[in-house]
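Remarks on the structure that follows.
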Amino acid sequence: MGNVRITSGLVRNLFGAAVTSPTIGGAIYKDSPYASFQASVVGTGTVTATVIIECSNNGVHWCSTPMGTISLSGTTSSSDGFTTEAPWKFVRARVTAISGTNATITALIGV
């Protein structure tokens with residue numbers, strides 16, 4: 001019988017750094033079926049953004065149906081997210097829209 005390792009409390013940036021334009025992040029190995037996703041946009045004045053979380057079992061071919069979509073809108077900042085219990089092995093974030101003066105987006109995964 002092998003050892004079982006439970007990973008919890010790990011948070012990673014899906015882009016590696018804040019992004020300022022429509023972007024597709026790289027494949028991130030998802031350590032657990034249980035995960036939380038959070039996206040935030042920060043800027044000056046009214047800011048909006050749409051972040052799509054995509055999933056794959058091989059990190060190459062991505063499902064047409066997204067795991068989730070995070071829509072953000074606020075004055076100077078906005079943050080939202082979701083949790084999932086899905087055994088997909090790889091995820092990535094895709095920014096499809098961003099607006100606002102000096103707007104930047106971060107997207108995090110927590111397991």
Side-chain angles (χ1 to χ4, degrees):
M1 173 90 83
N3 292 333
V4 175
R5 179 174 177 235
I6 298 174
T7 304
S8 180
L10 177 66
V11 176
R12 290 181 283 173
N13 188 324
L14 292 169
F15 294 120
V19 297
T20 59
S21 62
T23 303
I24 298 174
I28 301 287
Y29 180 78
K30 189 163 70 70
D31 298 302
S32 168
Y34 304 96
S36 61
F37 295 91
Q38 180 181 10
S40 301
V41 62
V42 177
T44 303
T46 301
V47 291
T48 63
T50 302
V51 179
I52 296 173
I53 305 299
E54 299 176 323
C55 53
S56 169
N57 272 329
N58 63 9
V60 176
H61 301 102
W62 298 91
C63 294
S64 297
T65 303
M67 183 181 283
T69 300
I70 304 169
S71 299
L72 305 169
S73 179
T75 303
T76 69
S77 68
S78 180
S79 185
D80 202 358
F82 64 93
T83 61
T84 183
E85 181 182 344
W88 296 103
K89 298 315 297 174
F90 294 90
V91 295
R92 71 181 182 185
R94 180 166 47 103
V95 175
T96 59
I98 180 172
S99 67
T101 304
N102 299 320
T104 61
I105 298 173
T106 57
L108 306 174
I109 179 175
V111 293

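- Within the structure, salt bridge (charged side-chain N to carboxylate O under 4.0 Å, His left out) contacts touching residues 57-72 (residues at least two apart or in different chains) do not occur.
- Taking the side chain to side chain contact (heavy atoms under 4.5 Å, CB included) definition, one finds that T69 meets it with T50, I52, P66, S71, sequence neighbours left out.
- Two different hydrophobic clusters hold I98 and V42 under the rule that ILVMFWY side chains link at heavy-atom gaps under 4.5 Å.
- Applying the salt bridge (charged side-chain N to carboxylate O under 4.0 Å, His left out) test to residues at least two apart or on different chains, none of the pairs has a partner in residues 57-70.
- Residues that satisfy the side-chain hydrogen bond (donor to acceptor under 3.5 Å, both in side chains) test with T48, not counting sequence neighbours, are S99.
- A side-chain hydrogen bond (donor to acceptor under 3.5 Å, both in side chains) check over residues 101-111, counting only residues at least two apart or in different chains, returns nothing.
- The only option from S78, S40, S77 that meets the side-chain contact (heavy atoms from CB on, under 4.5 Å) definition with L72 turns out to be S78.
- A pairwise comparison of heavy atoms in I105 and A49 identifies CD1-CB, 3.4 Å as the closest pair.
- Listed by chain and residue number, nothing satisfies the side chain to side chain contact (heavy atoms under 4.5 Å, CB included) test with T75 (two or more places apart in sequence, or in another chain).
- In this structure the side chain of T83 reaches within 4.5 angstrom of the side chain of S36, judged on heavy atoms.
- Within the structure, the salt bridge (charged side-chain N to carboxylate O under 4.0 Å, His left out) test picks out no pair touching residues 99-111 (sequence neighbours left out).
- Here V47 pairs with V41, A103 under the side chain to side chain contact (heavy atoms under 4.5 Å, CB included) rule; sequence neighbours left out.
- Pairs passing the ring-ring contact (aromatic ring centres under 6.0 Å, His included) check and including a residue from residues 85-111, sequence neighbours excluded, read Y29-F90.
- By the side chain to side chain contact (heavy atoms under 4.5 Å, CB included) test, T23 pairs with F15, V19, S21, sequence neighbours left out.
- A pairwise comparison of heavy atoms in A107 and N13 identifies O-OD1, 3.3 Å as the closest pair.
- Legend: salt bridge (charged side-chain N to carboxylate O under 4.0 Å, His left out) pairs involving residues 82-103, not counting sequence neighbours, sorted by first then second residue: E54-R92, E54-R94.
- Under a 3.5 Å cut-off, the side chain of K30 and the backbone N or O of A86 do form a donor-acceptor pair.
- For residues 36-65, the set of pairs meeting the ring-ring contact (aromatic ring centres under 6.0 Å, His included) definition, not counting sequence neighbours, comprises F37-F82.
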